Amino acid sequence: MANCLKIAIAQLNPTVGDLCGNRKRILHYAQKAHALGAKLMVTSELAICGYPPRDLLVRPGFIKAIATELHILARELPPQLNVLVGAAMTSVDAKLDHPAEALVNTAVLLTGGELSEIYPKRLLPTYDVFDEDRYFVPGIRPNILSLDGVKIGVTICEDIWNDEEFWGRRSYHVDPVQELIEGGAELMVNLSASPYVAGKQRLREEMIQHCAQRYKLPLVYVNQVGGNDDLVFDGTSLAVNASGKVVRRTPGFEAGLAIADYNLATREFQADPKPTVGRWESSVAMVGEEARVPVQQAGVAELVSSLDGEIWAALVLGVRDYARKCGFSKVLLGLSGGIDSALVAAIAAAALGPKNVLGVLMPSPYSSDHSIGDAEALANNLGITTETLPIGDLMSGYDRTFETLFSGTEAGVTEENLQSRIRGSLLMAIANKFGHLLLTTGNKSEIAVG
Amino acid sequence: MNGGLAVIADVPKTRVYSLCRWLNRGQKGCPDHAKLATVSEADNPLEIIPDHILTKPPSAELRPGQVDQDSLPDYDVLDDILDRLVHQAQAPSELIAAGHDPDTVDRIIRLLSRAEFKRRQAAPGIKVTERAFGTGWRMPIASRWQLQSME
């Protein structure tokens with residue numbers, strides 16, 4: 001299609017701090033995007049370093065290494081492809097006037113072997129899990145990139161979350177989207193790292209549709225995917241037309257590359273001639289598994305149909321990525337026969353495969369017969385292995401040790417808590433000995449009230 | 001404190017139950033890469049979580065006959081109180097106006113504040129709600145702010 005600007009959505013799963021690995025992943029996606037005819041590829045926010053890099057950002061060596069990797073990437077990329085990469089840069093590199101050298105959260109345009117433009121993020125979220133005022137200074141001008149005669153507004157995550165019409169209030173004085181419209185933008189891209197929260201996918205999509213309709217502005221929304229510490233990013237990237245119609249939605253909770261065709265005659269994204277499911281098409285590996293790039297060239301992927309299904313997918317991805325990114329292949333947990341450890345065992349089995357999950361039964365004299373039976377039945381259903389370590393002898397040992405010191409006191413909460421501490425020590429010892437990751441099983445209600 | 005990852009630290013108990021029931025109903029709508037292959041030989045081929053685990057009264061089994069509801073309200077009541085306190089930052093007066101027993105509200109607030117030091121030592125959890133303990137919840141430990149009397 002000659003009169004189309006093909007835009008590639010790189011829904012990446014970066015590992016925080018793995019600058020070289022993240023650079024290679026961006027390169028593989030870019031090579032694939034180029035092979036599919038894309039003129040522009042957009043990554044998620046801070047894709048080169050992974051989001052959130054937290055206090056790695058205060059280390060000057062980290063910021064220098066990011067710049068170095070970007071220069072290497074620029075030279076490696078197909079020369080005809082324009083790539084917007086999320087990266088932390090110094091205010092000097094970003095040509096942003098600031099009294100002392102500061103950091104800027106940016107979208108860097110890599111084109112023709114160089115870092116040709118640097119677009120700073122304008123709104124810096126500093127609430128809930130976000131801390132961006134701690135690290136960054138904001139950009140002060142609307143960011144517009146011209147490509148094939150199309151004026152493309154470049155925004156980063158929070159920049160589009162300040163629509164008083166949608167939220168009923170403004171959180172910031174500046175509305176970067178309004179300023180882009182005033183600057184003549186006719187298409188917008190957004191590089192995001194928007195963490196998963198139950199129900200947020202639908203809310204986010206409604207907000208993006210509202211933005212597209214309000215400003216008659218087709219837009220491409222690229223979200224990070226994967227677990228990084230306590231946060232899970234769900235991906236679920238979008239291409240939306242000015243009518244609010246969703247033309248492309250990527251499958252959530254999985255990395256991949258999607259293509260959206262912006263028709264230069266109609267100034268809209270091309271809707272698919274016939275409805276398709278919108279899954280990742282299997283793609284041929286280029287250079288080993290690392291280079292596998294799932295591709296979606298058509299369709300609108302379905303959202304997970306229930307809140308339970310969504311939360312489940314997020315927890316499975318969270319465990320899988322935490323283990324993988326920390327370098328663990330096997331996990332263990334205590335199996336009490338209760339519902340909390342049952343759910344955690346199931347999540348772990350889905351995340352890492354049942355052969356990589358060890359359930360440890362640690363019955364005490366107070367354990368009911370059914371607890372052991374229930375834990376064994378669960379392990380059998382999941383296909384995970386179990387070990388049984390009774391704790392009665394250790395409890396007696398503690399009683400003997402404390403006999404004199406605790407004499408004349410009532411046995412109570414202290415002795416009850418010792419059972420949990422004994423179990424914790426045994427689990428940590430196994431984790432230590434075999435290099436497994438210990439998963440704990442407390443739920444939020446329990447953790448709230450101690 | 002022990003452990004490397006607190007998998008369900010942001011999953012309220014009532015959601016733990018609904019996730020387990022969803023699993024046993026065949027994981028409807030689950031993306032393939034998150035699906036759990038079942039090897040169940042039980043009567044119900046979909047069963048992942050044994051039925052008895054779902055139906056018995058929850059208990060830490062630290063003393064004979066102990067159940068969680070000896071010391072806590074029913075979990076649907078507790079989770080509504082916690083949802084209002086933690087997720088919605090409501091004042092006790094709002095909880096009481098919503099029909100919660102003032103003594104129960106008072107007790108849960110005390111327990112919530114008193115457990116702050118334990119949460120600070122806990123393994124990281126995976127955020128799935130709008131306010132998770134951890135980076136999104138930065139409460140002081142040595143604090144005299146009394147939620148119940150001051151708000």
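Just so it is clear, the values below take in all heavy atoms, side chains as well, and ignore hydrogens, waters and symmetry mates. Every chain is numbered from 1 and lettered A, B, ... according to where its sequence line falls, protein lines coming before strand lines. Everything numeric in this text was worked out from a predicted model, so none of it was measured.
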Less than 4.0 Å between a side-chain N and a carboxylate O, is that true for [Y] and [X]?
X: B:Arg138; Y: A:Asp128; answer: no
X: B:Arg15; Y: A:Asp308; answer: yes
X: B:Arg63; Y: A:Glu416; answer: yes

**OP:** Determine whether B:Ser71 and A:Val449 make a side-chain contact, defined as any pair of heavy atoms from C-beta on separated by less than 4.5 Å.
**Re:** no
Looking only at the side chains, is there a donor atom on one of [X] and [Y] sitting less than 3.5 Å from an acceptor on the other?
X: A:Ser371; Y: B:Glu61; answer: yes
X: B:Lys28; Y: A:Ser306; answer: no
X: B:Thr135; Y: A:Asp230; answer: yes

Original post:
Is the backbone N or O of B:Lys13 less than 3.5 Å from a side-chain atom of A:Ser445, with the two atoms forming a donor-acceptor pair by type?
Top reply: yes
**OP:** Would you confirm whether B:Arg119, through its side chain, and A:Ile447, through its main-chain N or O, come within 3.5 Å as a donor-acceptor pair?
**Re:** yes
**OP:** Mind checking the CD1-CD1 spacing from A:Ile347 to B:Ile126? Nearest 0.5 Å is all I need.
**Re:**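 With rounding to 0.5 Å, CD1 (A:Ile347) is 7.5 Å from CD1 (B:Ile126).
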Subject >> Euclidean distance, A:Lys200 NZ relative to B:Thr129 OG1, rounded to 0.5 Å >> reply: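 Those atoms lie 11.5 Å apart.
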Interchain contact, [X] with chain B, by part (heavy-atom threshold 4.5 Å):
X: A:Asp340; value: both
X: A:Tyr196; value: both
X: A:Leu437; value: side chain

Original post:
Which word best sums up how the rings of A:Trp312 and B:Trp22 line up, parallel for under 30°, tilted for 30 to 60°, or perpendicular for over 60°?
Top reply: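 Ring orientation of A:Trp312 relative to B:Trp22: tilted.
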**OP:** Return yes when atom CZ of A:Arg202 has more than 12 non-hydrogen atoms of other residues, nucleotides or ligands closer than 6.0 Å, and no otherwise.
**Re:**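 Yes, the 6.0 Å shell around CZ holds more than 12 heavy atoms from other groups.
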